[in-house]
Amino acid sequence: MRGLLLVARRDLQAYFNTAWGYVVLAAMLLIDGLLFNAWAMGSSAQYSSDVLEKFFYLSSGVVMVAAVILTMRLFGEERSAGTMVLLDTAPLTDLQIVLGKFLAGFAMIAILLAITVYMPALIFVNGRVSVAHIACGYLGLLALGAAVAAIGTWGSAVTRGQYVGAAIAGVVTVAFLLTWMLAKVSDPPLKPILSYLALFDKHFQPFQKGRINTESVVFYTSVTFAFLALAVRGIQGRRWR
Amino acid sequence: MAPIIETRHLTKQYGKLTALNDVNLTVEEDAVFGFIGPNGAGKTTTLKILAGLLLPTAGEVRLDGQDLLTAPLEVRKRIGFLPEEPPLYNEMTVRDFLVHVGLLRGLSREEAESAIPSVAERTSVTEVLDQVIGTLSHGYRKRVGIAQAIVHHPSLVILDEPIAGLDPVQIVEMREMIVALRSTCTVLVSSHILSEVSQTCDRLLILKDGRLVGQGTEAELASRARGLARVLLTVRGTRDDLARVLDGNAEVTGWAVEFESGGVAQVRVDLAGDHVESVVGRIASAGLGIRRVTEAEAELEQIFLQLTGEGER
């Protein structure tokens with residue numbers, strides 16, 4: 001646990017010791033704020049819960065993009081700077097290294113989401129929404145962010161270049177997003193499987209509407225652990241090459 | 001007491017390429033070991049295996065009594081590794097970096113912080129402890145690289161090309177630093193610069209084609225290098241006169257005029273075996289006056305060429 005936290009702390013500090021972390025957070029907040037103002041709030045009268053739902057819908061896209069961008073440097077940066085050797089020769093397990101790095105990326109997503117809280121809070125100015133709805137939405141965003149951050153961690157772990165890692169993570173994430181379309185044109189037994197794998201369509205919408213769906217929590221947790229396990233396998237393989 | 005390094009039938013293959021072939025190595029005492037060999041001999045592969053960066057295809061590796069395969073974390077606690085390019089976090093200060101590395105290598109925060117002054121003094125980085133690493137010169141970066149390798153008091157420190165890219169003053173400082181390390185740990189230095197290895201290391205390990213072909217002090221290896229001979233001759237004659245006698249002579253593997261003045265030349269002659277009398281006789285028969293004959297000790301370069309067979313190419 002200690003080694004894991006050391007890795008996480010160093011990587012979290014690295015986001016803020018350079019402009020990178022600030023730039024990504026600022027860009028994502030700007031985009032989320034603009035989308036919230038333009039599409040969620042809009043100019044016509046609407047129910048507060050609908051505004052909140054749209055906010056979570058828009059924020060889910062921002063969280064997924066942020067997760068891919070924030071995790072692409074986790075291993076790629078260490079490799080290009082030649083510092084991966086510090087971790088590889090330290091008495092740390094590969095699991096500790098992967099979890100530490102994932103935790104740093106996930107913490108950044110949590111920080112990003114924490115700063116967006118002012119947007120749902122603004123709805124209280126002219127409307128009323130349930131705090132439980134807000135909590136559910138944020139839980140969903142965190143679960144979705146964790147799953148995509150795990151995909152990004154895996155992409156970064158198995159490739160040498162950060163941009164290649166980001167591209168692979170992006171493609172895998174988009175593939176998970178689009179399985180609902182494939183499900184529509186598929187027959188059983190493939191149809192329910194593809195439908196279940198839909199990262200957003202099947203699993204995020206309940207959170208967006210203020211419901212906690214256990215099946216979706218299990219799904220996001222499973223995706224997160226599966227890709228972290230693949231990342232561990234990826235970095236273990238290096239020692240055998 | 002267990003040897004610091006012990007390998008048994010160590011083999012590493014990259015696909016069909018055998019990088020290390022049945023290497024048996026035992027290192028028992030605190031000393032500076034020079035690891036030399038031609039390019040592609042398997043030096044880097046060996047260093048990476050000892051540092052825990054690579055796993056062997058076959059064979060055993062024990063460091064300080066701990067098996068690399070069954071207790072990798074215990075092994076990694078006992079080693080410090082400096083690759084050719086120091087692994088440094090540019091955005092950190094030297095002090096924060098060294099504390100971080102100490103914690104990573106298993107020290108408590110108190111131990112890591114209390115180790116910094118002595119480690120900084122030994123590696124001469126005290127004056128830059130609070131400077132950001134990204135602003136340091138190449139020489140200081142190398143020193144911080146050594147500092148991170150010893151901050152946790154390892155039994156074995158592995159240095160890959162530690163003087164690469166340093167200026168002459170920095171090379172002297174680095175040499176002193178490496179020699180001083182032997183009081184607390186075993187040091188394994190890989191270098192292409194044989195004169196440096198000769199000056200810095202107590203014992204040598206010579207690899208060729210993935211096999212260990214020589215191990216011992218420079219003097220021991222010289223005596224092992226069968227029939228190796230070098231003579232210094234002071235001869236009344238010119239370079240052309242010497243060329244007529246020495247060129248094409250099978251007993252002579254190489255020669256060079258060290259200086260020539262007033263019709264007298266000092267020439268260094270490397271011989272393929274114990275052919276001193278024969279070669280001196282030929283020079284005398286050619287009418288060149290021999291003023292002085294001195295047997296020179298074999299230099300590391302000669303030993304290296306003979307043991308690795310590189311001179312035959």
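All heavy atoms count here, side chains included; hydrogens, waters and symmetry mates do not.
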Notebook entry, point to check: Between B/T26 and B/E6, does any side-chain donor sit less than 3.5 Å from a side-chain acceptor?
Noted result: no
Note to self: Checking the side chain of B/K43 only, and the main-chain atoms of B/G37 only, is there a donor and an acceptor separated by less than 3.5 Å?
What the structure shows: yes
Next item on the list: Give a yes or no answer on whether the side chain of B/R76 reaches the backbone of B/L68 with a donor-acceptor pair at less than 3.5 Å.
Entry: no
Notebook entry, point to check: Who in residues 93-107 of chain B is close to chain A, using a strict under-4.5 Å heavy-atom cut-off?
Noted result: B/F97, B/H100, B/V101, B/L103, B/L104, B/R105, B/G106, B/L107
Next item on the list: Side-chain contact test, heavy atoms from C-beta onward, threshold under 4.5 Å: evaluate it for A/F227 versus A/V148 and give yes or no.
Entry: no
Check: Any idea which heavy atoms bring B/Q13 and B/T57 closest together, and the distance?
Finding: N-OG1, 2.8 Å
Check: Which atoms of B/Y89 come close to chain A, meaning under 4.5 Å heavy atom to heavy atom: side chain ones, backbone ones, both, or neither?
Finding: both
Next item on the list: Go through the structure and list residues passing ring pair (Phe, Tyr, Trp, His ring centres under 6.0 Å) with A/F56, not counting sequence neighbours.
Entry: A/Y138
Notebook entry, point to check: Counting only N and O atoms by type, is there a donor-acceptor contact under 3.5 Å from the side chain of A/S156 to the main-chain atoms of A/F75?
Noted result: yes
Next item on the list: Test A/F36 against A/T116 for side chain to side chain contact (heavy atoms under 4.5 Å, CB included), laying out the working first.
Entry: CA-CA 10 Å; A/F36 176 71; A/T116 64; over 6 Å; no
Item checked: Heavy-atom pair of closest approach, residues B/L73 and A/L92 -> CD2-O, 3.6 Å
Checklist line | Part of A/E77 lying under 4.5 Å from any heavy atom of chain B | finding: neither
Check: Which of parallel (below 30°), tilted (30 to 60°) and perpendicular (above 60°) describes A/F204 and A/F207?
Finding: tilted
Check: Counting heavy-atom pairs under 4.5 Å to chain B, which of A/T93, A/D88, A/V7 comes out on top?
Finding: A/D88
Next item on the list: Could you note down all residue pairs passing salt bridge (charged side-chain N to carboxylate O under 4.0 Å, His left out) where residues 79-92 of chain B supplies at least one of them, sequence neighbours left out?
Entry: A/R10-B/E91
Notebook entry, point to check: Does anything in residues 132-159 of chain B get under 4.5 Å of chain A by heavy atoms, and if so which residues?
Noted result: B/Q148
